[in-house]
Amino acid sequence: MTSRPLERSRSTAWQSIDGELVLLRVRARELLGLNEVARRIWELADGTRAVQQIAAIVAAEFDVPPEVAEADTARFVEELIGLDALKLREES
């Protein structure tokens, strides 16, 4: 994955409902519920961190090996990019 920061796409709305984070893919009219780790990745994809930085935080917070966190984070991020929920921030 690239070292460019990730940011949330404007085509995806999100809201916390009863402690669960739900993404609404507006164009697809689809709701996606996120588990605790996925929610944290979403929160960290704020336009300031790249995948590797997000994975390092996930590894520390959820006590998983860094290589597992990086592989799982990259896979999830790729899925969200494919769904147009996340995107790589444009370079200035």
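In what follows, every heavy atom counts, from backbone to side chain, and hydrogens, waters and symmetry copies are set aside. This is a predicted model, so every value here is computed, not measured.
Each salt bridge (Lys or Arg N to Asp or Glu O under 4.0 Å) pair with one or both residues in residues 34-45, not counting sequence neighbours, appears once here: Arg39-Glu43, Arg40-Glu43, Arg40-Glu61.
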Given the rule in the side chain to side chain contact (heavy atoms under 4.5 Å, CB included) test, do Trp42 and Val37 qualify, once you have shown the distances and angles that lead to the verdict?
CA-CA 9 Å; Trp42 178 261; Val37 177; over 6 Å; no
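Here the side chain of Glu78 pairs no donor or acceptor atom with the backbone of Arg75 at under 3.5 angstrom. Arg89 contributes no side-chain N or O that, together with a main-chain N or O of Pro5, makes up a donor-acceptor pair within less than 3.5 Å.
Just one residue in the list Leu6, Thr73, Asn35 forms a side-chain contact (heavy atoms from CB on, under 4.5 Å) with Ile41, and that residue is Thr73.
Here Arg10 pairs with nothing under the salt bridge (charged side-chain N to carboxylate O under 4.0 Å, His left out) rule; sequence neighbours left out. Remark: Leu83 engages Arg25, Leu32, Leu80 in a side-chain contact (heavy atoms from CB on, under 4.5 Å) (not counting sequence neighbours). Remark: Glu79 pairs with no residue by the salt bridge (charged side-chain N to carboxylate O under 4.0 Å, His left out) rule, at least two apart or across chains. Remark: Ser11 pairs with Ser9, Arg27, Asp84 by the side-chain contact (heavy atoms from CB on, under 4.5 Å) rule, at least two apart or across chains.
The shortest side-chain heavy-atom distance between Ile57 and Arg49 falls under the 4.5 Å cut-off. In this structure the side chain of Leu86 reaches within 4.5 angstrom of the side chain of Arg8, judged on heavy atoms. Within the 4.5 Å cutoff, the side chain of Val68 has no heavy atoms near those of the Phe62 side chain.
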Using residues 13-21 as the side-chain source, report each donor-acceptor pair under 3.5 Å to any protein atom, sequence neighbours left out, with the distance given to one decimal.
none

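Between Pro66 and Ala59 the shortest heavy-atom distance is CA-CB, 4.0 Å.
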